2 protein chains.
Amino acid sequence: MTEPPRDARERLIEGTRELLWERGYVGTSPTAIWRASGVGQGSMYHHFQGKPDLVLAAEQRSAEQMQRDIRACFAQEGSAYERISAYLLRERDALRGCPVGRLVADPEIAADGRLREPARETFAVLHECLVSALEDGRNAGEFAADLDAVRTASTLAAVVQGGYTLARAEASAEPYERAVQGALALLRLADR
Amino acid sequence: MTEPPRDARERLIEGTRELLWERGYVGTSPTAIWRASGVGQGSMYHHFQGKPDLVLAAEQRSAEQMQRDIRACFAQEGSAYERISAYLLRERDALRGCPVGRLVADPEIAADGRLREPARETFAVLHECLVSALEDGRNAGEFAADLDAVRTASTLAAVVQGGYTLARAEASAEPYERAVQGALALLRLADR
DNA sequence: GTCTATACGGCGATAGAC
DNA sequence: GTCTATCGCCGTATAGAC
């Protein structure tokens, strides 16, 4: 399915992505990165200036992929509700959480505009897709005419991100599933 | 308002709470703790066995406080919707996030049953309060008879936690406010 | 491009004096 | 109970050979 990484640079980015997802910025050491990526230390410092530089490249890759997945999901055929539920019900490993959302938990990333940018952009794309779908549904009579698309879009995005937190606290995917199902049910009830 | 910490033990717990909230488990070093708490290193290792022991005490304190706040909020007078919105609209520093929810982002805490327990218990308390309020509202005719209280409770809890993530990604409290307002609007629309 | 060697500070903890 | 000293390891690089 997935192409195996080719050169050192590519392996480093993929290794960093994995470690960032699992352990965050502080928890991800350069040593762990080159070891996990199967390249030498000298090679890493040849391709990247240092940890922040490599992390930025990894973040951009993760953001790019998530944005592509989001757009693909919302470009599918179907009613507004179907597209929204398709996104919310996508296969996710709730206990792993979101590779992009995880990043902003660390203050080093939250405080640095450049390191924060990929996450900001990704959630902006998600929000835009959700707003469009909600407006479509409102225009088609699927949702109440007074449904606030902008706010509801933030609600739905938050349910996914917060569902991860609840899942990790219980070490079970169930709270995540419940949160998403509950959000979709509320959306169905908002049909007049 | 708040009592200043008295003894070394107390100061250590409060200092650890702050650092954990801000920087998570990996990002919080014993050295930073005793420095921030204004006690000596030897004192710290006299009162606590090591980092996990001290972190557990700090977690329990944060969990205890959050649970007390939750119960107080839901014990107020008013309709079910009023109690729920009172909780969702509580003054929060959205950019700081949740002192309890932050903990489970770190794998060291998520993987350790004892360190995870305070967070698990806190979200269980929140879920229970939300379910009770939603059932009350349903019985009083405030919400649709087929509203699923258990799932909706998880949805509302997730909106708050996920709202923090969106806020940090944008470095603004606005996405958090939108998410909460959107959730309350959905709840109001689910009234038949 | 990739390698090994080296550096310096911080982490997490222990020892033992006071 | 609190203090300072010390420890071994790791984080985050830099240097210079190959």
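Every chain is numbered from 1 and lettered A, B, ... according to where its sequence line falls, protein lines coming before strand lines. All values derive from a computational prediction rather than experimental measurement.
Nucleotide dT14(C) holds its P atom 15 Å from the NZ atom of K51(B), rounded to whole Å. Between Q49(B) atom CD and dT14(C) atom C1' the separation is 14 Å, expressed in whole Å. Residue M44(A) contributes atom CE, which lies 14 Å from atom P of dT4(C) at whole-angstrom precision. Taking atom OH on Y45(B) and atom C1' on dT14(C), their separation rounds to 9 Å, with Å as the unit.
Taking a heavy-atom distance under 4.0 Å as the criterion, the stretch of DNA chain D touched by chain B extends 5' to 3' from dG1(D) to dA5(D).
Across all strands, G42(A) comes closer than 4.0 Å to base atoms (heavy-atom distances). When heavy atoms are screened at a 4.0 angstrom cut-off, T31(A) is found touching base atoms of the nucleic acid. Among the protein residues, A32(A) comes within range of no part of the nucleic acid, since none of its heavy atoms lies under 4.0 Å from any strand.
In this structure, the side chains of Q181(A) and L89(A) come closer than 4.5 Å at one or more pairs of heavy atoms.
Listed nucleotides: dA13(C), dG12(C), dA5(C). Nearest to the side chain of Q41(A): dA5(C).
Judged by the 6.0 Å and 45° rule, R92(B) forms a cation-pi pair with Y87(B).
For the pair E14(B) and R11(B), the salt-bridge criterion is not met [side-chain N within less than 4.0 Å of a carboxylate O].
Placement of V104(B) and L166(B) in two distinct hydrophobic clusters is found when ILVMFWY residues are connected by side-chain heavy-atom separations under 4.5 Å, directly or transitively.
Take R96(A) and apply the side-chain hydrogen bond (donor to acceptor under 3.5 Å, both in side chains) test, not counting sequence neighbours, and it matches E18(A).
Side-chain contact, R178(A) with S154(B): a donor N or O sits under 3.5 Å from an acceptor N or O.
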